[in-house]
Amino acid sequence: MTVPVSLPADLLDRLKDALGPKGWSQDPHELEPHVADWRGRYQGATPILLKPANTQEVAAAVKICAEAGVAITPQGGNTSLCGAATPQGEVLITLKRMTQVREIDVDNDSMTVEAGCVLENLQKTAEEVDRLFPLSLGSQGSAMIGGLISTNAGGVHVLRYGMTRELVLGLEAVLPDGTVWTGLTGLRKDNTGYDLKQLLIGAEGTLGIITAATLKLFPRPGRMELAFIGLNSADEAVKFLGLAKKVSGGAVTAFELMPRMALELVLDHVPNTRDPLGGAHPWYVVCEMSFGRPEGARETMEAALEAGFEAGLVQDAALAENDSQMHDFWRLRETIAEAERAQGKAVKHDISIPVSKMPVFMAEATQAVEAEFDNTLVIAFGHVGDGNVHFNVATRDAAGADILEQAKAISTRVYDLVDSYGGSISAEHGIGILKREELSGRKPVDVAVMRAIKTALDPKGIMNPRVLLG
């Protein structure tokens, strides 16, 4: 671990006194997992890890740091994929002790929770009152809701329920001077000026520290149906998406696309996985539908698949017969990133394209990258239902040069194509450190406006100073 920047002893003492003996640590063993990012791309350091137990302690710590002009890095579950939560000498504040569910309002379909609540636990909490909190993603066993809101996380259900920002009714946050802003509300309608919570959602901790949130809940589906589908092309997958939406009356909740090569990586490198279909197909879709009642659910999915067969879009399909098969089908999609590691290092891109343009973009970008960069292999998969592609570029064989040596040139080529299709260089992972230069170069007016907001709320520039805007 890098030797951290030191702080004056009197400042450290003030922070320790404000948070009490359980509220801080300088133990290198405890700090170690907090100062490296999830992918192992960034290694950092901090002079002290603060562990506040409530909003008042967060506010006290931030106020002390603000008065001293000392920078802060907020951290949730530390599952960022772009270096947004890795300190480089800043005071590190983790929200992991703030795990209370403050209120569940069943009649209002909402719950108010603290920032350190783990997503998977919130899903179970909602289920206990016969409700659904639909945010779902691979890191849900460790990702915390405060960090997910700060990065406006996506996941597999964006198609039906939207991004995280669409699931938040209200927020509580500590602003950069230590002031507590209490914007917790269960209101769906509130037309009283600027929607301040939306400034904090997706701001990656640069405008304040989210300490609690009021979240939307939904009725639990009476029945879910899941199909694993073989197709000939990404274009046919997009056409089948439209058909499935029409036949089901909008019941499609997830629609995940993966190429044959990704499935083969999973089958080869992830234990206890198998191909649900008899023959090989160029592309596959995991299609999930949710229904209010069990009656007619299976018939609706079957009707959509039948329509897909008749239109020449679907080549083969398997329907999950029970929860175990549903788990197995989803595992084929969710372990792609794990299986990719066997292929070696990769240059990864989290991009979005209008759904209608996705197939032609993927074809053009794949052809361009593999033709222009030696020994490269594109592995593109993702949330085709909302236009989000994880466009990853790996080395075709071990004999090639380190792919990361070409990372900048490859990413520039990919992002130039993304721009030409009216897309985004960050669909759901955020900007962090990884993409801040790209953001500045490609969206200078947007960045100028964001800097003006940042300066107004954080004139000393102490909140996550290296992230997003740099």
Counting heavy atoms not belonging to Glu437, are there more than 12 under 6.0 Å from its CD?
no

Answer yes when Glu288 and Arg333 have at least one side-chain N-carboxylate O distance shorter than 4.0 Å, and no when they do not.
no

Is the count of non-hydrogen atoms from other residues, nucleotides or ligands lying under 6.0 Å from Lys96 atom NZ greater than 12?
yes

So, Arg331 side chain and Asn272 main chain: donor-acceptor pair closer than 3.5 Å or not?
yes

Shortest non-hydrogen contact between Thr86 and Gly44, atoms and distance:
CG2-N, 3.8 Å

Measure from the side-chain N and O atoms of Asn392 to the backbone N and O of Ala380, and report whether any donor-acceptor pair falls under 3.5 Å.
no

Is a side-chain donor or acceptor of Thr273 paired with a backbone partner of Leu332 at a separation under 3.5 angstrom?
no

If the threshold is 4.0 Å, N to carboxylate O, is there a salt bridge linking Arg442 and Asp416?
yes

Do Glu236 and Gln315 have side-chain heavy atoms sitting under 4.5 Å apart?
yes

Between CG on residue Leu434 and OG on residue Ser411, distance to nearest 0.5 Å
7.5 Å

Sequence neighbours excluded, the answer for side-chain contact (heavy atoms from CB on, under 4.5 Å) partners of Gln367 is Ala371

Applying side-chain contact (heavy atoms from CB on, under 4.5 Å) to Met450 and Lys454, what does each step give before you reach the verdict?
CA-CA 6 Å; Met450 286 189 274; Lys454 167 79 168 170; over 6 Å; no

Could you walk me through whether Asp109 and Arg188 satisfy the salt bridge (charged side-chain N to carboxylate O under 4.0 Å, His left out) test, starting with their C-alpha distance in whole Å, then the side-chain angles of each, then the deciding distance to 0.1 Å, before giving a yes or no?
CA-CA 11 Å; Asp109 283 327; Arg188 264 75 173 174; 5.1 Å; no

A side-chain contact here means heavy atoms from C-beta on lying under 4.5 Å apart; do Thr412 and Glu438 qualify?
yes

Non-hydrogen side-chain atoms of Leu215 and Leu135 separated by less than 4.5 Å:
no

Do the side chains of Pro52 and Ile93 get nearer than 4.5 Å, heavy atoms only?
yes

Taking it one step at a time, do Val238 and Ser356 satisfy side-chain contact (heavy atoms from CB on, under 4.5 Å)?
CA-CA 7 Å; Val238 169; Ser356 59; 5.8 Å; no

Decide yes or no for Thr151 and Ser80: does some side-chain heavy atom of the first lie under 4.5 Å from some side-chain heavy atom of the second?
no

Backbone of Pro87 reached by a side-chain donor or acceptor of Thr46 within 3.5 Å:
no

Output yes when a side-chain donor or acceptor of Asp350 lies under 3.5 Å from a complementary backbone atom of Glu428, and no otherwise.
yes

Strictly below 4.0 Å, N to O, side chains only: are Glu204 and Arg466 in salt-bridge contact?
no

Evaluate the side-chain proximity of Arg160 to Pro134: yes if any heavy-atom separation is below 4.5 Å, no if none is.
no

Is there a side-chain contact between Tyr284 and Asp275 in this structure, where contact means two heavy atoms from C-beta onward sitting under 4.5 Å apart?
yes

Provide the closest heavy-atom pair for Ile379 versus Leu265 in the form atom of the first, atom of the second, distance.
CD1-CD1, 3.7 Å

In this structure, OG1 of Thr206 is separated from CE of Met463 (nearest 0.5 Å) by 8.0 Å

Could you check whether Thr366 and Glu370, counting side-chain N and O atoms only, form a donor-acceptor pair closer than 3.5 Å?
no

In Å, rounded to the nearest 0.5 Å, how long is the span from CG of Asp328 to CZ of Arg274?
7.0 Å

Taking side chain as C-beta onward, heavy atoms only, is Asn388 less than 4.5 Å from Val158?
no

Pairwise distance CG(Leu199) to CD1(Ile201) - rounded to 0.5 angstrom
9.5 Å

I'd like to know if the side chain of Asp316 and the backbone of Gly230 have a donor-acceptor N/O pair within less than 3.5 Å.
no

With rounding to the nearest 0.5 angstrom, report the NZ to CE distance, Lys245 to Met289.
11.5 Å

Students often mix this up, so state it plainly: with edges at 30° and 60°, are the rings of His390 and His383 parallel, tilted or perpendicular?
perpendicular

Check against side-chain contact (heavy atoms from CB on, under 4.5 Å), Leu137 and His157:
CA-CA 9 Å; Leu137 36 81; His157 290 144; over 6 Å; no

Give a yes or no on whether Gln100 atom CD has more than 12 heavy-atom contacts from other residues, nucleotides or ligands under 6.0 Å away.
no

Side-chain donor-acceptor pair present, Thr300, Glu225, cut-off under 3.5 Å:
no

So, the side chain of Glu32 versus the backbone of His29: is there a donor-acceptor pair under 3.5 Å, distance only?
no

Check whether any side-chain N or O of Lys435 sits under 3.5 Å from a backbone N or O of Ile425 as a donor-acceptor pair, and report yes or no.
yes

Please state whether the rings of His349 and Phe391 are parallel, tilted or perpendicular, taking 30° and 60° as the class boundaries.
tilted

If I compare all heavy atoms of Pro465 with all of Ile72, which pair ends up nearest, and what's the gap?
CD-O, 3.9 Å

How far apart are the closest heavy atoms of Phe361 and Val414, and which atoms are they?
CE1-O, 4.5 Å

Once you measure the plane-to-plane angle for Phe228 and Phe329, does it fall in the parallel (<30°), tilted (30-60°) or perpendicular (>60°) bin?
tilted

Any donor-acceptor pair under 3.5 Å linking the side chain of Thr164 with the backbone of Ala153?
yes

Electrostatic pair Lys348-Glu340, nearest N-O below 4.0 angstrom:
yes

Show the nearest heavy-atom pair for residues Val467 and Gly83, with the distance to one decimal.
CG2-O, 4.3 Å

Hey, mind stepping through Ile410 and Ile403 against side-chain contact (heavy atoms from CB on, under 4.5 Å) and telling me if it holds?
CA-CA 9 Å; Ile410 290 172; Ile403 190 70; 3.8 Å; yes

Interatomic distance, His281 atom NE2 to Ser233 atom OG [nearest 0.5 angstrom]:
13.0 Å

Shortest non-hydrogen pair, Val360 vs Lys357, comes out as CG1-O, 3.2 Å

Arg165 side chain to Asn152 main-chain N or O, any donor-acceptor pair under 3.5 Å?
no

